[in-house]
Protein chains: 2
Amino acid sequence: MRFPKLFERLAALAPLPPEEWEKAEAVAREQALDKRELFLRPGDPADRFAVVLQGVFRAVRVSARGQESIKAFRAEGELIGAYAEMLQHLPSMTTIEALAPSRVLVFQTRDFQALESGHVCWERLARRVAEHHFILKERREQEFLDLSAEERLVKFWDEHPHLKGRVPQRDVAAYLGITEVALSRIMSRRRKRPE
Amino acid sequence: MRFPKLFERLAALAPLPPEEWEKAEAVAREQALDKRELFLRPGDPADRFAVVLQGVFRAVRVSARGQESIKAFRAEGELIGAYAEMLQHLPSMTTIEALAPSRVLVFQTRDFQALESGHVCWERLARRVAEHHFILKERREQEFLDLSAEERLVKFWDEHPHLKGRVPQRDVAAYLGITEVALSRIMSRRRKRPE
DNA sequence: CCGCCGCCTTAACCTGGGTCAACCCGAGGG
DNA sequence: CCCTCGGGTTGACCCAGGTTAAGGCGGCGG
């Protein structure tokens with residue numbers, strides 16, 4: 001077993017026999033990425049995903065108008081991939097970019113489907129992952145519905161303290177749905193007013 | 001089989017043997033709701049969900065500040081329930097209210113777990129449902145990130161034509177994340193300007 | 001028939017955030 | 001040492017949407 005820590009993490013989500021994990025490791029491939037390097041770009045087939053072993057990533061979507069917004073940041077132990085597109089068998093509309101030198105463990109969805117038909121544990125794990133992602137998105141939806149940009153910012157740092165210093169400000173702005181200018185203003189406002 | 005149409009719908013998502021469906025129908029209970037009646041209110045245990053047989057519902061969340069925002073509308077063939085809370089074994093924070101006289105088919109999650117341990121098809125179906133919900137939420141996230149309120153409105157009616165005339169305007173506003181006043185203004189703006 | 005109620009609209013005013021543009025500052029590279 | 005460059009800040013100006021408050025209007029009960 002090359003990645004016992006990762007195994008623990010997954011097994012906590014759903015029962016996962018060690019021998020099944022061994023099979024998964026057998027089809028996985030380690031990949032190193034430089035800062036700025038892309039794990040996935042728009043138009044690529046969404047036929048693989050990965051677990052972050054080290055580093056940080058941002059999942060970006062550029063709109064028709066050319067402005068880029070950030071769907072998520074992903075750090076150690078989290079999944080990267082164009083999940084929605086994968087489920088719909090569409091080419092990726094997402095760019096996934098390393099914000100720092102990183103290492104990931106890559107799986108082909110094809111290989112994963114093979115694992116799934118071998119043992120039900122994978123089905124259950126896939127379900128858990130889907131459910132977890134749903135919960136995260138719903139939480140975010142809630143934030144857009146009833147929080148101001150400033151409140152979203154505060155909440156963001158509350159919930160992602162481990163990203164401090166690892167993601168540029170402009171990307172935080174693009175995650176919050178505002179411009180970097182607005183974010184800068186909010187921060188200076190906070191610096192002065194509510195001590 | 002009391003609800004063959006519903007069976008078709010579900011079976012389209014994931015393979016579902018008719019005899020399993022029969023078992024599900026056996027534990028389901030039909031419920032009628034008047035306009036304004038609540039299927040679920042905040043604080044209720046999130047231990048049941050339902051399929052809409054007839055009518056429309058709105059899933060509301062009231063924020064700490066007391067303003068209510070709408071997570072989703074649900075019409076015939078769709079699921080109602082506090083899904084996120086159910087997954088997290090939390091009491092409901094959502095109100096689910098009939099916008100018209102409605103009929104639903106209610107399941108207890110407890111009964112459903114029994115079905116799941118009886119046959120893997122339910123596991124697969126649950127996964128599909130989770131994935132589907134995820135896709136919807138991600139799409140909505142995208143809309144908040146790079147569409148204006150006006151564009152969100154247009155998209156809303158594009159994607160939900162069957163809700164026309166069935167949901168009050170103020171609720172559409174609360175779904176879009178704006179006030180009813182703003183929505184009214186947007187509509188009159190559109191009436192004049194871009195013919 | 002009147003009056004009320006629920007729902008929508010309109011207007012006046014305020015504010016947060018967008019846009020554009022100038023500027024600052026620290027890290028390299030020549 | 002200076003230049004450049006990437007990333008953050010600031011200011012001026014504008015506009016979408018929030019807030020408050022005043023109608024409009026159709027439906028329904030009395």
Side-chain angles (χ1 to χ4, degrees), chain A residues 34-38 56 58 60 62-70 73 97-101 143-157 163-194, chain B residues 34-38 56 58 60 62-70 73 97-101 143-157 163-194:
Chain A
D34 294 330
K35 181 171 177 170
R36 299 264 162 124
E37 202 175 336
L38 305 183
V56 212
R58 57 175 197 158
V60 184
V62 292
S63 75
R65 282 206 241 17
Q67 60 168 330
E68 56 180 41
S69 55
I70 294 202
F73 297 104
E97 180 186 345
L99 291 175
E143 291 171 16
F144 279 113
L145 282 170
D146 49 43
L147 263 45
S148 68
E150 176 159 358
E151 292 168 313
R152 295 207 296 280
L153 173 65
V154 172
K155 201 158 185 221
F156 176 79
W157 286 124
L163 293 178
K164 242 162 205 158
R166 305 180 76 187
V167 302
Q169 213 137 285
R170 66 145 57 87
D171 287 338
V172 177
Y175 179 85
L176 298 176
I178 60 178
T179 60
E180 56 175 335
V181 180
L183 177 55
S184 178
R185 270 192 302 235
I186 290 172
M187 287 176 52
S188 78
R189 208 187 303 157
R190 289 177 64 74
R191 240 174 280 133
K192 296 170 205 159
R193 263 203 262 162
Chain B
D34 294 331
K35 180 170 176 169
R36 298 265 161 122
E37 201 175 338
L38 304 183
V56 212
R58 58 174 197 160
V60 185
V62 293
S63 74
R65 283 207 240 15
Q67 59 169 330
E68 57 181 40
S69 55
I70 294 204
F73 298 105
E97 180 185 345
L99 291 174
E143 291 170 15
F144 280 113
L145 281 171
D146 49 44
L147 263 46
S148 70
E150 177 159 357
E151 293 168 313
R152 295 206 297 280
L153 174 64
V154 173
K155 201 161 185 218
F156 176 79
W157 287 123
L163 292 178
K164 240 161 207 161
R166 306 179 75 187
V167 301
Q169 213 137 285
R170 65 145 58 86
D171 286 338
V172 177
Y175 178 85
L176 298 175
I178 59 179
T179 61
E180 54 174 339
V181 181
L183 177 54
S184 178
R185 266 193 305 235
I186 289 172
M187 287 177 50
S188 77
R189 209 187 302 158
R190 290 178 62 75
R191 241 174 281 132
K192 296 170 205 157
R193 265 201 260 162

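Numbered from 1 within each chain, the chains take letters A, B, ... in sequence-line order.
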Which atoms form the tightest heavy-atom contact between B:Y175 and B:F156, and what is the distance? CE2-CD1, 3.5 Å

Send over the distance from B:K35 NZ to C:dC5 C1', rounded to a whole Å. 13 Å

For A:L176 and C:dG16, give me the distance from atom CG to atom C1', rounded to whole Å. 14 Å

Identify whether any heavy atom of B:R36 sits under 4.0 Å from a base atom; if not, whether one sits that close to sugar-phosphate; answer base, sugar-phosphate or nothing. sugar-phosphate

Donor-acceptor pair present, A:R185 side chain and D:dG8 base, under 3.5 Å: no

Mind calculating the distance between NZ (B:K192) and C1' (C:dA11) to the nearest angstrom? 11 Å

Atom pair distance, as rounded to whole Å: CD in A:E150 and P in C:dG16: 9 Å

So, is B:Q67 near the phosphate of D:dG18, with a side-chain N or O under 4.0 Å from OP1 or OP2? no

From CG of B:D171 across to P of C:dC8 the rounded distance in Å is 8 Å

Do the non-hydrogen side-chain atoms of B:L99 and B:R166 ever get within less than 4.5 Å of each other? no

Measure across B:F73 and B:V172 and return the closest heavy-atom pair with its distance rounded to 0.1 Å. CZ-N, 4.1 Å

Within less than 4.0 Å of OP1 or OP2 of C:dT9, is there a side-chain N or O belonging to B:Q169? yes

Rounded to the nearest 0.5 Å, what separation is found between the CD atom of B:Q169 and the CG atom of B:L153? 8.5 Å

Closest non-hydrogen atom pair, A:E143 against A:R152: O-CD, 3.8 Å

In whole angstroms, the gap separating C1' of D:dG11 from CZ of A:R189 amounts to 15 Å

Side chain of A:T179 - closest among C:dT9, D:dG18, C:dG18: C:dG18

Tell me whether the side-chain N/O atoms of A:R191 come closer than 4.0 Å to OP1 or OP2 in D:dT9. yes

Between D:dA16 (C1') and B:L153 (CG): distance, integer Å: 14 Å

Just compare C:dG17, D:dG7, D:dA21 and give me whichever is closest to any side-chain atom of B:V181. D:dA21

In terms of the nearest nucleotide of DNA chain C, which residue is placed more toward the 5' end: A:A182 or B:S188? B:S188

d(CD1, B:I186; P, D:dG18) in whole Å: 8 Å

